[in-house]
Amino acid sequence: MVIASSTRQRRRRAPTRRPRHRYKPIDLGNRRWILRATLAGLAVAVILIGWTLIARRLAPTTNTSRDRFDAILVLGYKADSDGNPTPEQLARVTEAVREYERGVAPRLLFTGGPVHNKYVEADVMAGAAAAQGIPPSAIFVETKAEDTIQNACYSERIMHAHGWHSAEIISSAYHLSRAAMIFSHRSLDWRMHAAPPLQPGESGVETNSALETLKTMRYLVYASWAERCEP
């Protein structure tokens with residue numbers, strides 16, 4: 001009997017207590033600060049996007065009443081990985097050739113360096129223009145520019161060296177608003193002219209348009225004063 005009672009006592013062990021989780025009290029002040037910072041960030045983003053869209057809509061298309069120019073200036077776009085013109089690049093060249101044949105200007109100036117691959121954008125476009133019948137004497141190239149600001153600046157240097165002071169500027173439609181903002185700070189007389197796609201509904205236009213909006217925002221906030229180029 002004593003042994004049985006002892007065994008029962010061993011079996012009866014005090015229940016183990018699980019440790020209580022201690023929750024830290026919520027810092028309402030910290031949460032309010034995070035909420036305010038988030039709302040402020042959203043407000044700034046909305047303001048920047050609105051400013052960008054308005055600036056693009058209000059960008060000028062010309063600063064002159066000319067309908068004839070010293071040169072047709074074609075802004076660069078990347079070639080493909082084999083050095084052949086991409087559809088968008090070829091569209092710009094083709095429109096420039098049309099304008100040349102219409103007598104808008106007696107020469108073409110292509111601008112753009114090896115930005116996206118090893119092929120110089122201006123040289124690829126110049127070759128495409130020559131293939132469409134433009135004589136070598138009417139083709140000029142600027143081969144160093146890496147962005148639109150440099151396109152404008154370096155091309156203006158070449159034009160001034162030749163005594164040219166006006167240009168019709170050709171690029172894709174989505175690019176012209178930012179290009180106009182940039183050329184507004186140059187001394188040239190200019191007019192923007194859109195190159196239509198070779199085929200309606202060409203893929204990639206929507207993506208490029210969205211990217212161009214971001215580039216315009218960057219130009220307005222930063223590049224317009226930080227990346228200036230003197231001709």
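Everything numeric in this text was worked out from a predicted model, so none of it was measured.
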Could you tell me which residues satisfy side-chain contact (heavy atoms from CB on, under 4.5 Å) with Ala195, sequence neighbours excluded, listed by chain and number? Arg92, Glu95, Ile170
Not counting sequence neighbours, which residues clear side-chain contact (heavy atoms from CB on, under 4.5 Å) with Asp80? List them please. Asp82, Asn84, Thr86
Show the atom names and distances, to 0.1 Å, of all donor-acceptor pairs under 3.5 Å that link a side chain in residues 101-109 to residues at least two apart or in another chain.
residue	atom	partner	partner atom	Å
Arg102	NH1	Glu99	OE1	3.1
Arg102	NH1	Glu99	OE2	2.6
Arg107	NH1	Asp70	O	2.6

Side-chain heavy-atom pair [X], [Y] within 4.5 angstrom cut-off:
X: Thr148; Y: Asn151; value: yes
X: Glu121; Y: Gln89; value: yes
X: Arg56; Y: Glu212; value: yes
X: Ser184; Y: Trp190; value: yes
X: Pro87; Y: Gln199; value: no

Let me confirm one number: the [atom1]-[atom2] distance from [X] to [Y], rounded to the nearest 0.5 Å.
X: Ser155; Y: His160; atom1: OG; atom2: NE2; result: 11.0 Å
X: Leu73; Y: Ser171; atom1: CG; atom2: OG; result: 9.5 Å
X: His175; Y: Ile182; atom1: NE2; atom2: CD1; result: 6.0 Å
X: Leu75; Y: Phe110; atom1: CG; atom2: CZ; result: 11.0 Å
X: Leu214; Y: Ser209; atom1: CG; atom2: OG; result: 11.5 Å
X: Tyr100; Y: Ile72; atom1: OH; atom2: CD1; result: 9.0 Å

Can you pull the salt bridge (Lys or Arg N to Asp or Glu O under 4.0 Å) pairs that have at least one residue in residues 129-140, sequence neighbours excluded?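 The answer is none; no pair qualifies.
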With salt bridge (Lys or Arg N to Asp or Glu O under 4.0 Å) as the rule and sequence neighbours excluded, what pairs involving residues 188-197 come up?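 Passing the test, one end in residues 188-197: Arg66-Asp189, Glu168-Arg191.
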Please say whether more than 12 non-hydrogen atoms of neighbouring residues, nucleotides or ligands are located less than 6.0 Å from CZ in Arg57.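 No, because the 6.0 Å sphere around CZ of Arg57 holds 12 heavy atoms or fewer from other groups.
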For Glu227, enumerate each residue passing the salt bridge (charged side-chain N to carboxylate O under 4.0 Å, His left out) test, keeping only those at least two apart in sequence or located in another chain.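 Once residues adjacent in sequence are excluded, the partners of Glu227 under the salt bridge (charged side-chain N to carboxylate O under 4.0 Å, His left out) criterion are Arg218.
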Pairs involving residues 45-79, ordered by first then second residue, that meet ring pair (Phe, Tyr, Trp, His ring centres under 6.0 Å) (sequence neighbours left out):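 Matches after skipping sequence neighbours: none remain.
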Of all pairs that satisfy ring pair (Phe, Tyr, Trp, His ring centres under 6.0 Å), the ones with a partner from residues 121-158, not counting sequence neighbours: Phe140-His162, Phe140-Trp164
Do you know the tightest heavy-atom contact between [X] and [Y]?
X: Cys229; Y: Ile149; value: CB-CG2, 4.3 Å
X: Ala91; Y: Pro197; value: CB-CA, 4.4 Å
X: Met159; Y: Ala71; value: CE-CB, 4.2 Å
X: Ala55; Y: Leu220; value: CB-CD1, 3.8 Å
X: Gln132; Y: Val93; value: NE2-CG1, 4.0 Å

Listed by chain and number, what are the side-chain hydrogen bond (donor to acceptor under 3.5 Å, both in side chains) partners of Asp123, not counting sequence neighbours?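 side-chain hydrogen bond (donor to acceptor under 3.5 Å, both in side chains) check on Asp123 returns nothing, list empty.
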Taking only residues two or more places apart in sequence, or in another chain, which ones meet Glu142 in a side-chain hydrogen bond (donor to acceptor under 3.5 Å, both in side chains)? Thr111
Linking Ile, Leu, Val, Met, Phe, Trp and Tyr by side-chain heavy atoms under 4.5 Å, what else ends up with Leu39?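 Cluster partners of Leu39: Leu35.
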Could you please spell out the steps behind the side chain to side chain contact (heavy atoms under 4.5 Å, CB included) verdict for Asp147 and Lys215? CA-CA 11 Å; Asp147 55 37; Lys215 288 182 177 181; over 6 Å; no
Among residues at least two apart in sequence or on other chains, which ones pass ring-ring contact (aromatic ring centres under 6.0 Å, His included) with His116? none
Does the Ser224 side chain pair with the main chain of Tyr219, one donor and one acceptor, at a distance under 3.5 Å? yes
